[in-house]
Structure formats: structure tokens, C-alpha cells
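Inspection log for the structure reproduced underneath, given as C-alpha cells.
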Amino acid sequence: MKRIVIVGGVAGGMSAATRMRRLDESAEIIVLEKSGYVSYANCGLPYFVGGVIEKESDLLLQTPESLHIRFRLDVRVKSEVLNIDSAGKSVVVKNLETGAEYQLQYDKLVLSPGASPIVPNIPGADRAFTLRTVEDVELIAGAVAIKPKSAVVIGGGFIGVEIAENLRHKGIATAIIEATAQVLAPLDPEMVSFVHAELLKQGVALHLSNGVSEIGPDSVTLADGSKIPADLVIMAIGVRPDTSLAKGAGLTIGTRGGIEVNEHHQTSNPDIYAIGDAAQKTDALDGGATLVPLANLANRHGRVVADHIAGVKTRTVAAIGTAIVKVFDLTIATTGWNEKRLSAAGMKFLTIHTHPNSHAGYYPDAKQMSIKLLIEPNTGRILGSQAVGTDGVDKRIDVIATAIRAGLTAPELADLELAYAPPFSSAKDPVNMLGYISENVLSGLVSTVDWSKLEAELAAGAVLIDVRSASEFANGTIPGAINISVDELRDRKSEIPTRKLLIVHCQVGQRGHTAALLLTELGFTVKNLDGGYRTWRNSPAGLTN
Ligand SMILES: Cc1cc2nc3c(=O)[nH]c(=O)nc-3n(C[C@H](O)[C@H](O)[C@H](O)COP(=O)(O)OP(=O)(O)OC[C@H]3O[C@@H](n4cnc5c(N)ncnc54)[C@H](O)[C@@H]3O)c2cc1C
């Protein structure tokens, strides 16, 4: 009988275990988990702190008993794997309740030990809570129960903003300290400004571009010397792959610091597989090594590993990097690469910004969202997308992620036949619109200017025309713009400077597009400001004006 030993009994490990059983009734499957729980919803942990998820038991999706009844899995909690003898094909396990250690042979070993929260070496760091396991959340919930007045969350990543929101739900004065200039690193600056505004609106204090130098008994001292009250401190500055067992076993650690695996998720020892947050992934965009510490891939790769062990044909699953997070009333979703990463890699890209409604504007409760699409100029390949809004963001990013996976080009987004009725969408869905705009830009029908290039174009002599109505113009415009509404362009043609590059802008880019084509027909050289005033207003250029 084949024995499969799995280290880690949550996302990746448990997916591998249950799939394995479905494929092979005769295999002996042993899951070793050092915490007291398996198959728990770590993604739900922040919501237990805030009371959105009321019962701790709701976080526990399975128990060792239920897994035995249905799958005949041998699940051992409070069982830590101390080391691996890859030559002898065995692991040493410590029973954390009794302290007893024992050796366990395996035919195949699957490592899914996850990632460890990074805790920097600063004075007082031991007072900070981290959030990874049910035990962690029990500690935090215990600390929240004694009604702290103030909390500091160090790190503005996904977990940091989620826990900050939930601490606010508990009425705790909460601050986020973030070393970079923004929260949520996958967003580019003109997209994250909506999130900053929402956090501030909901009473979360933001200390950006600031580190923490010391955690005191009831405060946190920042790198700039200021002190913030902190009855409670949560450390959420990121995670690093847990490679301790792999290193001890002499397995190859990859360039990104995760366990290196091949397309079947086999490590440098073919009898040992690694999946989930501990393992490196292959990036779908450039084929390079990447880390994507998210649940979808951990689950997917767990299944693929079980298939491979069982001899089932598998497909290679490269990582696109699709993520979503809720920040109070906002939904933020991203897929693929962002502009910062593309620029750092020296890759060429075009940007498209739109601000469509979640559904037909004439049907009640349509909500405006903002979407950014990044495209490879010559091929139209979709490189990435980001969306922020209150409704409908999730499905747009999921469609774009699907398009990336299917290899569709940006103009082909126009061809997607998406479900439409007024309460749900528009006949031209926001994703279709991205396709139309891509087609217009890539075909050369219209030229656009990104918000980040506007200042340079104006400095080089371009003339900026705000083609919105006079009342919109009066409510705020880009410095230096003259106002001729799109409907007046033909009649006021004589007022428009000739032999100069014209840059037109409207509120979101749509009337600007019409204006750009009209003025081109009238003999002018024109570019449309991508995403219009709304994109510029929320960009660093607009926010500092
Ligand atoms: C608070 C929080 C919120 C999250 N929210 C989201 C979200 O909304 N969306 C999303 O996609 N992802 C989210 N994630 C990330 C997601 O949970 C992980 O990507 C996923 O769980 C990784 O699966 P894994 O199997 O690699 O590791 P895990 O699910 O972390 O499981 C690893 C397990 O291995 C055990 N272990 C480690 N070492 C040993 C050892 N030596 N012996 C025995 N057992 C060991 C650990 O105790 C742990 O239980 C969140 C994570 C956290 C912590």
C-alpha cells in the first residue's frame, strides 16, 4: 500500500489529501498539522476579529474526525514535522501534546506548510500579534474582548487592511503604518487613491512612507519620531515562504525564496512535492519564478499534485496573480502585472483607464467603478488589470483574468458576449468597453495620453482643452485647460490653436474620445487624456494640485 504523507492540513495540503483519496481508495494518506485545527478558513480570520463571522466554529470547515469518516484520512493535529530524511524517505514528527517524537516512512511526501508572517527585529515586536492560524485569531479576539481603545496595524497589505476594517467594526481607533507611499501594493498610485480615501472616510488613520522604530507598552514609535497610541498592535508586513523543512532536507530553494518545483510541483527530489505559499510558481506573463501566496493556487496545485501522484494527466498551471479584497464599502480586484512591475522589468505597455457604471445608468443604484487595463503595444496582449468600486468589480476582473488565461488580446474583449440586463450590466459591458478602447488605441484611430505624461506634454507646448460642460469646468479642472464643450467644438473651431498638439479631456475619457476624433477630422493633431479628469484627479499629479 502506497503511503502519502502531507505536511500542512489547510488549503494546499487538504486539497491534495481529499483529491488523492477520491482517486485512490487504497492509499494510506497521513496529514500532519502542527496547529490544533485542519481545513480552517484562514481567509475568514480577519472577519472573526470584527464579529462579521460570529462563531469560531464557522471557520472550521472540517475536523480530523469528519475527514476520517468521509475520506478515511489519518489527520494528526498538533503534530509538527521536525525534519525530513529524503534519502531514507521518512519524516520525524513531534506530537506537540505529549512531546513524543516518532519517525514516519513515506512513498510520496507533499509539503504545504504555508508561509510565516514576517516579524521585523524592532524593540517590542514580541508584543505584536500576527494573524495566520486559528490560534492567532483566538489571541487577537481575546485582546479585542478587553476593549482596547487604540490599535496599530503595521503593514497595509491585504491582511493589514482587512484587519484594520474589522478593528474599526469593533469601535477601536485604528491606524495603519505603511513603509511605502501606499497600501495594497498591487494597485498603481492613481488607483489606490480611492482606497486611501475610503480608509480615511471610515476613520482609519494612515501613516504612509513611515516605518516603525519601536513598539512600546501602549504606543508605537514611528521612524519619523512620532508616537501613536496602541493598546493593540498587529504585525502584517507580509509573509515569507516557510522553507525550513525543505532547506533541512537539502531541497533546492528558488530565486524568489520559495521551494523550487517543476511543472508537476515536484521539488528537486521527485518523491517530494511542494505547493501553496511555500512553493514558487511560474509566472504566466514572463515564465519566471514568482510567489503568489493566495488560496486559489494552493487549492489548485494541491489537486494537481494528487493527480500527478495518481498518474492522472495534469495541465501546467501558471500563475497570473488574481486577487480581491474588500475595504469597507470598496471592492478592489487585480489580475496580472501592474504598471510599477512592468516598468521595473523594462516592459513596454499601454494603459487604459475607464470609469464605467456597474450596470445601466438608468436603472437604480448603478455605481461608478474605475478600471485600468495594461496592454502590450505591439501584440495587444493583456498584461494586467486593476479595478476599484463598490459594485461589479469582482466580475469584471474575473472576466479579464479568464481572458488572460485564454490568451485573448485586449481588442478581443470587445467580442465577449457577456450576460446583460439593466440591473446587472450594460449592453456594452465595462469589459467590452475596454476592448473597444483597446481596438481604437492599438489601431491608431485615436492617440491617448496617460496622466503621468500630461505634464511633460503641456511643458512641450501642447494645448489642453476641457471638453466638458461649462458647469463641470467650473467645478474643477486641470490647470491650464481651456473650456470648449464637445458640442461646441465645430462652432468655436476658430478659437482652437492650430499647429499645436491638442490634448482633450472630459470627465472619464468618453466625450474626449468623440472630441479627439472630431478635431482630427477638422485637421487638428489631437490626443485624448486617458481616463479623463477622474483619472487625473485621483493620480499623484491631481492630488498634489
Ligand atoms: C488572515 C489571512 C487572510 C487571507 N485571505 C485570503 C484571501 O482572502 N484570499 C486568498 O486567496 N488568500 C488569502 N489568504 C492566503 C491563503 O490563506 C493562503 O494562500 C493559503 O492558505 C496557502 O495555503 P497553504 O496550504 O500553502 O498554507 P496554509 O493554508 O497556511 O497551511 C499551512 C499549514 O501548515 C502547517 N504547518 C507548517 N509547518 C508545519 C510543520 N512543520 N509540521 C506540520 N504542520 C505544519 C501550518 O500550521 C498551517 O496550518 C489569507 C491568509 C491569511 C493568513
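Counting begins at 1 with the first residue of the sequence. Nothing here was measured: the structure is a model prediction, and the numbers come from that model. Note that ligands are numbered from 1 as they come in the structure, with each ligand's atoms numbered from 1 the same way.
Counting only heavy atoms of the protein, atom 20 (C) of ligand 1 lies nearest to A11 CB, 3.8 Å. Closest to atom 8 (O) of ligand 1 among all protein heavy atoms lies C43 CB, 3.7 Å. Considering only non-hydrogen protein atoms, atom 51 (C) of ligand 1 sits nearest to I159 CD1, 4.0 Å. Protein heavy atom nearest atom 31 (O) of ligand 1, with residue, atom name and distance: V10 CB, 3.4 Å. Of the protein's non-hydrogen atoms, L131 O, 3.5 Å is the one closest to atom 53 (C) of ligand 1.
In this structure, of R76, E162, K78, R132, the residue bringing a heavy atom nearest to atom 30 (O) of ligand 1 is R132. If you check each of K326, E80, E33, E135 against atom 33 (C) of ligand 1, the one with the closest non-hydrogen atom is E33. Of the options S112, A274, G36, the smallest heavy-atom separation from atom 32 (C) of ligand 1 is shown by S112. Residue N42 holds the heavy atom nearest to atom 2 (C) of ligand 1 of all those in V31, L45, N42.
Without hydrogens or angle criteria, D107 side chain to R3 main chain gives a donor-acceptor distance under 3.5 Å. Judged purely by atom type and a 3.5 angstrom limit, R381 uses its side chain to pair as donor or acceptor with the backbone of L285.
Each of V7, L32, I30 was compared with S79 under the side-chain contact (heavy atoms from CB on, under 4.5 Å) criterion, and only L32 meets it. Of the candidates D391, T331, D329, K367 forms a side-chain contact (heavy atoms from CB on, under 4.5 Å) with just one, namely D391. Results of the side-chain contact (heavy atoms from CB on, under 4.5 Å) test with I234 over V152, I154, L167 single out L167 as the only residue that passes.
Between H301 and H265, the angle of the ring planes lies from 30° to 60°, which puts this pair in the tilted group.
Those atoms of ligand 1 that come under 4.0 Å of a heavy atom in L245, given as number and element, are 41 (N). Close approach of ligand 1 to P293 (heavy-atom distance below 4.0 Å) involves ligand atoms 15 (C), 19 (O). The contact set between ligand 1 and A298, taken as ligand atoms under 4.0 Å from a residue heavy atom, comprises 22 (C), 23 (O). Distances below 4.0 Å separate heavy atoms of Y40 from the following atoms of ligand 1: 48 (C), 49 (O).
Not a single heavy atom of T133 lies less than 4.0 angstrom from ligand 1. Residue S79 places a heavy atom under 4.0 Å from ligand 1.
Residue-to-ligand polar distances place L294 within reach of ligand 1: an N/O pair is separated by less than 3.5 Å. For G9, no nitrogen or oxygen atom sits less than 3.5 Å from a nitrogen or oxygen atom of ligand 1, counting backbone and side chain alike.
Note: S86 OG to D271 CG = 9.5 Å, rounded to the nearest 0.5 Å. Rounding to the nearest 0.5 Å places OG1 of T335 at 11.0 Å from CD1 of I324.
With salt bridges taken as basic N to acidic carboxylate O contacts below 4.0 Å, none links D231 and K147. Salt bridge R341/D283: present, at least one basic N to carboxylate O contact under 4.0 Å.
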